[in-house]
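Only one structure is covered here, and it is reproduced in the block below.
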Amino acid sequence: MLEEHKTINIKKKKSNRPIYYGVATGTGELLSIDNVERGLACGCICPSCETRLEARKGEKKKHHFAHENNQECLYGAEISVYCAFYELLDKSKRFFLPDAVLTFNSHKKDEIVKRGNMISLTKIEFHNDTMNYPPELLCYSGENCFQIVLDIESYYNAADYRSLKEYGKKRDIAIVSVEMDDIDRLSSFGELQVYIDTPDRKKWIFNRVVEEWDRKYREIA
């Protein structure tokens, strides 16, 4: 068990985006927009700010949730995707890890030091601090633990990835990034499942195995 949460904050100004998952007030269940009634009858609140949502199901725009009072909730859409991803991980108890790749700054070709594979998860934790972003999504496989960072709509730049890598080193925790398409293509649990079951669009931000191989190469050099 990690002793602390949230020691990194990469929070940028973003415009409001459609929300496709809401938390049912009666049960706490996360529901997709496809499985609720229209308007306030949906009985849901925002997974991020916990404000009441209404389900907008018109004829022209794609069905989505919106805050009842139209308040600004900059990360409501992203947090809802994180919540849905957590729900899927918690149900399936599996995740396909990407290859661990050692990248060289010279003309030497990148080298795969450990092949990716599907692993079984024994525990998943989700911690959302509204003052920080990204939320903390932790996966455990036995005694091993790694953090998943969802890179939605190319949110992170090179400097952000360097910060995340330093964060992983500081805490000695592996971090894997999952690159996701635009929010409108993440509107159902089925569309998210592929990001769990395949190695596509994933990469290690920090991996102890890669760091160890990098150290060995430097010693030889």
- Query: Do V194 and Y82 share a hydrophobic cluster (ILVMFWY, side-chain heavy atoms under 4.5 Å, transitive)?
  - Reply: yes
- Verify the neighbour count for atom CD of E50: are there more than 12 heavy atoms of other residues, nucleotides or ligands below 6.0 Å? no
- Answer with yes or no whether the hydrophobic clustering places I112 together with F146; edges join I, L, V, M, F, W, Y residues whose side-chain heavy atoms lie under 4.5 Å apart. no
- Note on the structure: Closest non-hydrogen contact found for I8 with I10 is CD1-CD1, 4.0 Å
- Message: For a quick test of reading the model, state the closest non-hydrogen atom pair linking A55 to E37 and the distance between them.
- Response: CB-O, 3.3 Å
- Message: Would K170 and F206 count as a cation-pi pair here, with the cationic atom under 6.0 angstrom from the ring centre and within 45° of the axis?
- Response: no
- Message: Does any part of the side chain of L192, heavy atoms only, come nearer than 4.5 Å to the side chain of M180, both counted from C-beta?
- Response: yes
- Query: Between CD1 of I119 and CG of N144, what distance do you get to the nearest 0.5 Å?
  - Reply: 8.0 Å
- Reported CD1-to-CZ distance for the pair I196 and F85, which is rounded to 0.5 angstrom: 4.5 Å
- Query: Are S177 and Y156 close enough that a side-chain donor and a side-chain acceptor fall under 3.5 Å?
  - Reply: no
- Can you tell me how far the SG atom of C44 sits from the CZ atom of F65, to the nearest 0.5 Å? 4.0 Å
- Query: Checking K12 against Y155: charged group under 6.0 Å from the ring centre and within 45 degrees of the axis?
  - Reply: yes
- Task: Please collect all side chain to side chain donor-acceptor pair (under 3.5 Å) contacts where either partner lies in residues 91-102, sequence neighbours excluded, each pair once.
- Result: D90-K93, R94-D197
- Message: More than 12 heavy atoms of other residues, nucleotides or ligands under 6.0 Å from CZ of R185: yes or no?
- Response: no
- Query: For K165, what residues pass the salt bridge (charged side-chain N to carboxylate O under 4.0 Å, His left out) criterion, not counting sequence neighbours?
  - Reply: E211
- Does some side-chain heavy atom of P98 sit less than 4.5 Å from a side-chain heavy atom of W204? yes
- Between CD1 on residue I124 and OH on residue Y86, distance to nearest 0.5 Å: 7.0 Å
- Indicate the atoms forming the closest heavy-atom contact of P47 with N128, along with that distance. O-ND2, 4.0 Å
- Task: Give the cluster check for L121 versus L97: same hydrophobic cluster or not, with ILVMFWY residues linked at side-chain heavy-atom distances below 4.5 Å.
- Result: yes
- If you round to the nearest 0.5 Å, how far is CG of L31 from CZ of F189? 7.5 Å
- Item | Under 3.5 Å: donor-acceptor pair, side chain of H64, backbone of K62 | yes
- Taking T25 for the side chain and G43 for the main chain, is one N or O donor matched with an acceptor at less than 3.5 Å? yes
- Note on the structure: Tightest non-hydrogen contact, residues G58 and H63, listed as O-NE2, 3.3 Å
- Task: Evaluate side-chain hydrogen bond (donor to acceptor under 3.5 Å, both in side chains) for S32 paired with N35, printing each intermediate quantity in order.
- Result: CA-CA 6 Å; S32 75; N35 298 321; 3.2 Å; yes
- Query: Salt bridge or not for R17 and D182, using N-O below 4.0 Å?
  - Reply: no
- Query: What closest approach, in Å, do F95 and V176 show between heavy atoms, and which atom pair accounts for it?
  - Reply: CE2-CG1, 4.2 Å
- Message: Please tell me whether L53 and L40 are part of a single hydrophobic cluster in this structure, the criterion being side-chain heavy atoms less than 4.5 Å apart.
- Response: no
- Are F96 and L138 connected in a single hydrophobic cluster, I mean Ile/Leu/Val/Met/Phe/Trp/Tyr linked by side-chain heavy atoms less than 4.5 Å apart? no
- Flag side-chain contact, heavy atom, 4.5 Å: E136 against Q147: yes
- Query: Within a strict 4.5 Å, meaning less than it, do heavy atoms of the C49 and T130 side chains meet?
  - Reply: no
- Measure the spacing between CD1 of I175 and OH of Y161 and express it to the nearest 0.5 Å. 11.0 Å
- Task: Could you check if a side-chain atom of P134 sits within less than 4.5 angstrom of a side-chain atom of L150, using non-hydrogen atoms only?
- Result: no
- Task: For the pair H67 and I19, evaluate side-chain contact (heavy atoms from CB on, under 4.5 Å) and give the outcome as yes or no after the intermediate values.
- Result: CA-CA 9 Å; H67 292 84; I19 297 174; 3.6 Å; yes
- Query: Are any non-hydrogen side-chain atoms of C139 and L89 less than 4.5 angstrom apart?
  - Reply: yes
- Please identify each residue that fulfils salt bridge (charged side-chain N to carboxylate O under 4.0 Å, His left out) with D151, with sequence neighbours left out. none
- Item | Y20 side chain reached by I183 side chain, heavy atoms, under 4.5 Å | yes
- Query: Is the shortest side-chain N to carboxylate O distance from E54 to R52 below 4.0 Å?
  - Reply: no
- State, yes or no, whether a side-chain contact exists between K61 and P18 at a heavy-atom distance under 4.5 Å. no
- Nearest heavy-atom contact between L186 and Y195 is CD2-CE1, 3.8 Å
